[in-house]
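Take a look at the structure set out below.
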Protein chains: 2
Amino acid sequence: MAKDGERRDPLNRARVLRAAVALADESGLEAISMRKLAQALGVVPMALYKHVANKDELLDGMVDAVVSEVEPPQEGLDWKAAVRRRTLSARAVMLRHPWARRIMEAQAAPTHVILAYTDSMIRTFLAGGLSADLVHHVMHALGSRIFGFTQELHETAPTAPSDLSPEQVQYMMATFPGIVAVATARPHDPTSVVGSGCDDQFEFEFGIDLMLDGVERLHRNDWRSADHDREAASVL
Amino acid sequence: MAKDGERRDPLNRARVLRAAVALADESGLEAISMRKLAQALGVVPMALYKHVANKDELLDGMVDAVVSEVEPPQEGLDWKAAVRRRTLSARAVMLRHPWARRIMEAQAAPTHVILAYTDSMIRTFLAGGLSADLVHHVMHALGSRIFGFTQELHETAPTAPSDLSPEQVQYMMATFPGIVAVATARPHDPTSVVGSGCDDQFEFEFGIDLMLDGVERLHRNDWRSADHDREAASVL
DNA sequence: ACCTGAACACCGTTCAAGT
DNA sequence: ACCTGAACACCGTTCAAGT
């Protein structure tokens, strides 16, 4: 417990945020309430408001702590490799703190830390010679993927096919033939699969590469905004 | 008010969901509570539990109602045009009900309606001749974009540059030079811009086209899973 | 001046009392 | 048997009372 030791240390913002991150890692985002966090710190709820204006600011601080774990930009890489590497680092961080995604999606305004990360990513593209115009669109297209987020709506497939009864499989095949065809198309490497039947790392890399390869092609073709329609057509 | 008229009609699931969608459209997702919804229907809160097991099921039902507004698949289009058109229709629907996104992101399991929509999209790809394997990865890569979602984390830029004081602009340029360079790169058509300084429709189409063009290229090259690394390399 | 406990205005949902 | 009001176990945050 070490209740006394905890209580003896004076509370400060860093300690509050560290405790909140640890609590969320351990018990999930729904365990984060001002009251429960205070209890974990051996403190009265109102004591938190000295170091954090309100719950929103607490959540922002937790996300900032997580984003700060992403590795800094590496020297000596071309823009594509640099973006790819940093994005994969961000993904590794988000896998450690899966609750961070929901906060970021729900929060209205970006924090300074989020802006700094975004700015750094933009400067990597610009340093690679991409036009500011192209980078603008690329940042919109990449969106939250630069933070290592997959775009999936639901973490896992409804259920692994092997967990279904024969009747359920029958029903699925009759009702959602497309989903069944695609889900059973590819027996993945079982060592790298957790349980959903998908190699999430492979899927993430497939997606980011699809985007970055497309961007590289546009850049090579000296893309400018007015060329958008023409480019799209000429690719055919 | 028409309080009496409202109360006379017997409550049913459809009426509950319709009222919930209308309330969310009007007042946002934070206005949706069992108590407030009951009040809007002129009913005691517990009366809702007859038609909806709990709040989660209510939220699922609201999303299902929204997804059902997306236009059905059109005949006579090639796979790419079909996916593009349906995705843009979904985007138009989500613009009418912007709260639906947050529910979908937060909900754990997909509903039958969501699965049916996904299945339909998959069958469009398969009918176009894409391998089940490729479609698998493409669905992961597209993710929530098939529901018309942009991947942006924050709805708008922090503030339109024109709203900033000279001191604030100075600060932004010194701190986030990349963001400033990219944000000011392209004076968009002012008629199609709401206030963020971005043409959201253009950015959405840029993103979906970047993905679909990439998919088409992979398909043309007769993509199979084992080819992934080779394909990525040969593009260079 | 500072700290903090009680209180306020909400939640979703249970459950038993009333019809 | 059905309906529903009160109650329960939570919230985030305000505020005044106590030191």
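Chain A is the first sequence line, chain B the second, and so forth, proteins listed ahead of strands; every chain is numbered from 1. Everything numeric in this text was worked out from a predicted model, so none of it was measured.
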Involving DNA chain D, stems made of at least three consecutive Watson-Crick or G-U pairs, both distances under 3.5 Å: C:4-8 with D:12-16, C:12-16 with D:4-8
Salt bridge flag under 4.0 Å for residues A:Glu205 and A:Arg91: no
Salt-bridge criterion met for B:Arg101 and A:Glu105 (N-O under 4.0 Å): no
Pairwise 5' ranking along DNA chain C for B:Glu30 and A:Lys50, keeping only the more 5' one: A:Lys50
Separation between the P atoms of D:dA7 and C:dT19, rounded to whole Å: 16 Å
Distance between P atoms of C:dC8 and D:dG18 (Å, rounded): 16 Å
Derivation of the salt bridge (charged side-chain N to carboxylate O under 4.0 Å, His left out) call for A:Glu30 and A:Arg102: CA-CA 11 Å; A:Glu30 72 282 359; A:Arg102 279 232 249 149; 5.5 Å; no
Donor-acceptor pair between [X] and [Y] side chains, under 3.5 angstrom:
X	Y	value
A:Thr111	A:Asp60	no
A:Ser120	A:Arg86	yes
B:His97	B:Asp25	yes

Ring centers of B:Phe202, A:His137 separated by less than 6.0 Å: yes
Touch class at under 4.0 angstrom, heavy-atom based, for B:Met34 against every strand present: sugar-phosphate
Nearest-nucleotide 5' precedence on DNA chain D, A:Lys36 against A:Met46: A:Lys36
More than 12 heavy atoms from other groups under 6.0 Å of CD on A:Gln39: no
First-last contacting nucleotides on DNA chain D - partner chain B, under 4.0 angstrom, heavy atom: D:dC3 to D:dA7
